[in-house]
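Convention: sequence-line order gives letters A, B, ...; per-chain numbering from 1. This structure is a prediction, so every number in the text was calculated from the model and none was measured.
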There are 2 protein chains.
Amino acid sequence: MSRPHRRATVHDIAAAAGVSRGTVSRVLNGGYVSAEARAAIEAAITEVGYVPNNAARALKMRRSQAVAFVALEPHSLFLDDPNIGSIMLGANAALSLADHQMVSLVVESARDTERVARYLSGGFVDGAIVVSARTRDPIIKVISELALPAAFVGHPPDLDQSIPFVGIDNAGSAQAITARLLAGGRRRIGMIAAALDRDSGIDRLAGFKAALGTAYDAELVADVPHYDYGSGVKGMRALLAAEPAIDGVFAASDAIAAGALEALREAGRSVPGDVGVVGFDDSTWAVRCQPQLSTVHQPAKQLGSCAAQLVLRQLRGEVLEPGGQLLPTPIVWRESA
Amino acid sequence: MSRPHRRATVHDIAAAAGVSRGTVSRVLNGGYVSAEARAAIEAAITEVGYVPNNAARALKMRRSQAVAFVALEPHSLFLDDPNIGSIMLGANAALSLADHQMVSLVVESARDTERVARYLSGGFVDGAIVVSARTRDPIIKVISELALPAAFVGHPPDLDQSIPFVGIDNAGSAQAITARLLAGGRRRIGMIAAALDRDSGIDRLAGFKAALGTAYDAELVADVPHYDYGSGVKGMRALLAAEPAIDGVFAASDAIAAGALEALREAGRSVPGDVGVVGFDDSTWAVRCQPQLSTVHQPAKQLGSCAAQLVLRQLRGEVLEPGGQLLPTPIVWRESA
DNA sequence: TACGAATGTGTGAACGTGCACACAGTAGGA
DNA sequence: TCCTACTGTGTGCACGTTCACACATTCGTA
């Protein structure tokens with residue numbers, strides 16, 4: 001045997017304290033119990049070293065007191081995107097306050113998708129927070145079929161409309177910071193756009209276009225796949241090649257902006273002297289850079305806690321109106337533009 | 001009612017297919033079943049939309065097919081330390097291959113500690129991988145009392161000896177890279193030491209001392225609390241103040257080294273011309289810096305998968321010899337020294 | 001006195017599984 | 001013919017918990 005001794009159960013407590021299981025249960029969950037019975041049971045609990053079996057409780061109660069945090073793009077998430085960590089911590093804090101356990105599940109491959117789907121359907125969690133969902137992800141289908149209480153952070157346009165979301169106004173924020181760049185006197189403004197297969201990428205580009213209006217020039221948009229540093233370097237090189245007279249850049253993320261700074265340094269351009277650069281996220285990148293980035297602050301922690309609230313409210317039985325909410329994104333103006 | 005319809009169970013399948021629960025169970029888990037019964041049951045499964053209830057299975061089997069990944073220091077972990085993400089992905093991949101689910105639990109506060117302890121003891125997981133454990137963490141006590149199969153990544157010196165670990169030779173690696181710095185002709189070498197309340201911090205400092213031997217000068221060690229960028233900036237400033245003629249620095253992490261580069265730039269020193277800088281981790285920081293960092297490569301992904309293997313082997317019933325294993329840490333020589 | 005309410009306790013059933021066991025039918029060999 | 005082996009199926013029980021119910025005692029009051 002690998003386990004030396006069976007774990008103690010309510011039966012063991014009952015036997016040790018000389019009462020019935022029912023009374024033990026009442027001590028644990030509240031109810032009418034005499035002072036002496038309570039004392040005897042509590043003594044017995046510490047004596048036998050009882051820990052409740054959540055699997056049994058979950059089975060009976062149909063409640064596990066746990067909520068899944070499903071990260072659908074682990075590589076970029078953990079390695080490049082500093083937001084995801086803050087979103088997790090925000091969600092964890094909110095769930096913790098409501099006495100729920102957050103369990104985060106990482107989906108890397110198709111194999112993972114299937115296993116996570118099984119896990120979600122298996123009664124181990126009462127709800128799910130989904131970040132970085134792509135259009136038509138199989139996990140989403142599973143969630144809506146199970147009618148599992150859920151919430152998204154961000155929202156691909158054709159997402160299941162019955163599931164609420166919390167996000168930011170990517171288009172509006174992009175438009176606002178581009179406008180500020182324009183107001184600073186920049187004339188030839190380019191953008192390094194990324195992740196155009198996701199709502200965030202699409203909307204940031206749309207906001208950029210809207211701000212420039214008739215001055216918009218498709219030549220001045222570099223399209224890169226990811227929100228990371230390396231993409232920023234490449235994107236900026238492409239922009240410099242396309243328009244040597246460029247004097248402003250809106251990068252779709254801070255990591256990209258940091259890469260752009262590198263490419264500009266390599267090309268001998270000064271920032272903000274020759275070129276003004278602005279980013280998006282207000283992540284740790286923003287203050288690490290030289291010069292520090294002007295950027296759009298993304299309330300990552302709050303996104304996490306709001307998503308958690310959306311799930312918790314459903315668990316309390318509230319029926320939420322479909323749709324979502326957008327959190328404000330103040331512009332943080334530093335030195336890079 | 002929040003749930004419109006009860007979830008389908010084996011009973012429902014049995015009723016729909018006109019067989020007994022036992023036969024359904026045999027279809028699901030293997031056994032003697034006639035072809036026609038199997039076909040009828042499989043049809044019934046898709047018809048009623050059956051998903052197995054893992055909570056019930058876990059209760060009966062005393063196996064949840066899930067392993068916890070417990071992160072004890074979320075703030076520094078997710079925001080500053082890029083290793084943790086890779087460790088997670090490595091563990092996830094290994095567990096996934098063995099058809100186990102990884103659930104990661106974040107411990108932020110004392111409140112979290114208690115809740116996570118309950119979760120671990122509750123039968124939702126079969127084992128645990130613990131990263132960034134500090135001496136005397138209450139979670140460790142819980143794990144060893146439960147005799148929960150576990151493994152550590154890293155190992156505080158006074159840790160429970162019965163729990164295996166996987167780590168790196170911090171002292172040896174630190175000694176090796178410091179020696180290389182010496183071999184490059186540097187004379188006045190300092191160190192920015194961090195996290196001296198943890199094994200990793202202590203051992204890296206010890207390795208540094210060992211490499212310098214009699215040339216070691218306690219004046220040339222700046223002691224900072226965390227492995228982050230800001231600490232690097234402050235630590236380097238302190239070293240420059242203590243010894244303006246400093247010509248080499250071993251930073252206890254890449255993030256610290258990046259901060260040190262910043263402080264050196266601010267002080268007008270060239271790298272590697274005036275001062276050679278080396279880091280530790282070979283994280284994404286190393287290649288982002290200007291100049292790119294010479295550093296110690298830490299096999300983060302492999303650490304995660306090894307820890308997962310240690311847990312999986314215990315779950316298979318193997319009895320592991322106590323102690324741990326250390327993974328090799330090649331030195332990566334780039335431009336900063 | 002008697003009756004209802006409040007307090008305290010024990011018992012049985014159920015949550016959804018998987019497994020041991022019992023049982024039935026068929027086939028093959030002594 | 002009978003015994004054994006193999007295939008296929010149904011039933012009861014257990015995992016550890018909570019809840020509904022039944023029952024017991026005490027007390028206040030009509």
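Dashed line: the shortest gap from a side-chain N or O of B/Y32 to OP1 or OP2 of D/dG8 is not under 4.0 Å. Considering only side-chain N and O atoms, B/Y50 lies under 4.0 angstrom from the phosphate OP1 or OP2 of C/dT17.
Judged by distance alone, with hydrogens and angles left aside, B/R57 brings no side-chain donor or acceptor close enough to the base of C/dG18 to form a pair under 3.5 Å. A/R26 contributes a side-chain N or O that forms a donor-acceptor pair with the base of C/dG10 under 3.5 Å. In the interface, the side chain of A/R21 is not paired with the base of D/dT17 through any donor and acceptor atom under 3.5 Å apart.
Regarding B/M61, its CE atom lies at a distance of 18 Å from the P atom of C/dG16, rounded to whole Å. For the pair A/R7 CZ and D/dA14 P, the interatomic distance rounds to 20 Å; values are reported in whole Å. The separation between B/R63 atom CZ and C/dT17 atom C1' is 16 Å, rounded to whole Å. Residue B/Q65 contributes atom CD, which lies 12 Å from atom P of C/dG18 at whole-angstrom precision. Going from atom CZ of B/R62 over to atom C1' of C/dG18 covers 12 Å, rounded to whole Å. Note: CZ (B/F124) to P (D/dG16) measures 15 Å, nearest angstrom.
Across all strands shown, A/A55 has no heavy atoms under 4.0 Å from either base or sugar-phosphate atoms. The residue A/N54 sits apart from the nucleic acid: no heavy atom pair falls under 4.0 Å.
Listed nucleotides: D/dC15, D/dT17, C/dC15. Nearest to the side chain of A/V10: D/dT17. Side chain of B/N29, nearest nucleotide from C/dC15, C/dG18, D/dT7: C/dG18. Nearest nucleotide to the B/V19 side chain, out of D/dT17, D/dG10, C/dG16: D/dG10. Of all nucleotides listed (C/dG18, C/dG10, C/dC15), C/dG10 comes nearest to the side chain of A/T23. Taking every side-chain heavy atom of A/S20 into account, C/dT11 is the closest of C/dA14, C/dG16, C/dT11. Each of C/dC15, C/dG18, C/dT9 was ranked by its minimum atom distance to the side chain of B/K60; first place goes to C/dG18. When each of D/dT9, D/dT18, C/dT17 is scored by its nearest atom to the side-chain atoms of B/V33, the top-ranked nucleotide is D/dT9.
Side chain of A/Q309 to backbone of A/A94: no donor-acceptor contact under 3.5 angstrom is found.
In this structure, B/A8 and A/S34 both approach DNA chain C, and ranking their closest nucleotides by distance from the 5' end singles out A/S34. Mapping B/L59 and B/A35 onto DNA chain D via the closest heavy atom, the residue that lands nearer the 5' end is B/A35. Each of B/A56 and B/R38 has a nearest nucleotide on DNA chain D; the 5'-most of these lies closest to B/R38.
Using bins of under 30°, 30° to 60° and over 60° for the plane-to-plane angle, the ring pair B/Y119/B/F124 lands in the tilted bin.
Side-chain contact check for A/N29 and A/S25: at least one donor-acceptor pair (N or O, by modelled atom type) lies under 3.5 Å.
A/D126 CG to A/L315 CG: the interatomic distance, rounded to the nearest 0.5 Å, is 5.5 Å.
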Pair B/R118-A/D99, salt bridge (Lys or Arg N to Asp or Glu O under 4.0 Å): steps then yes or no: CA-CA 11 Å; B/R118 277 209 310 274; A/D99 231 334; 3.4 Å; yes
message = Applying side chain to side chain contact (heavy atoms under 4.5 Å, CB included) to A/N92 and B/V106, what does each step give before you reach the verdict?
response = CA-CA 7 Å; A/N92 186 59; B/V106 181; 4.0 Å; yes
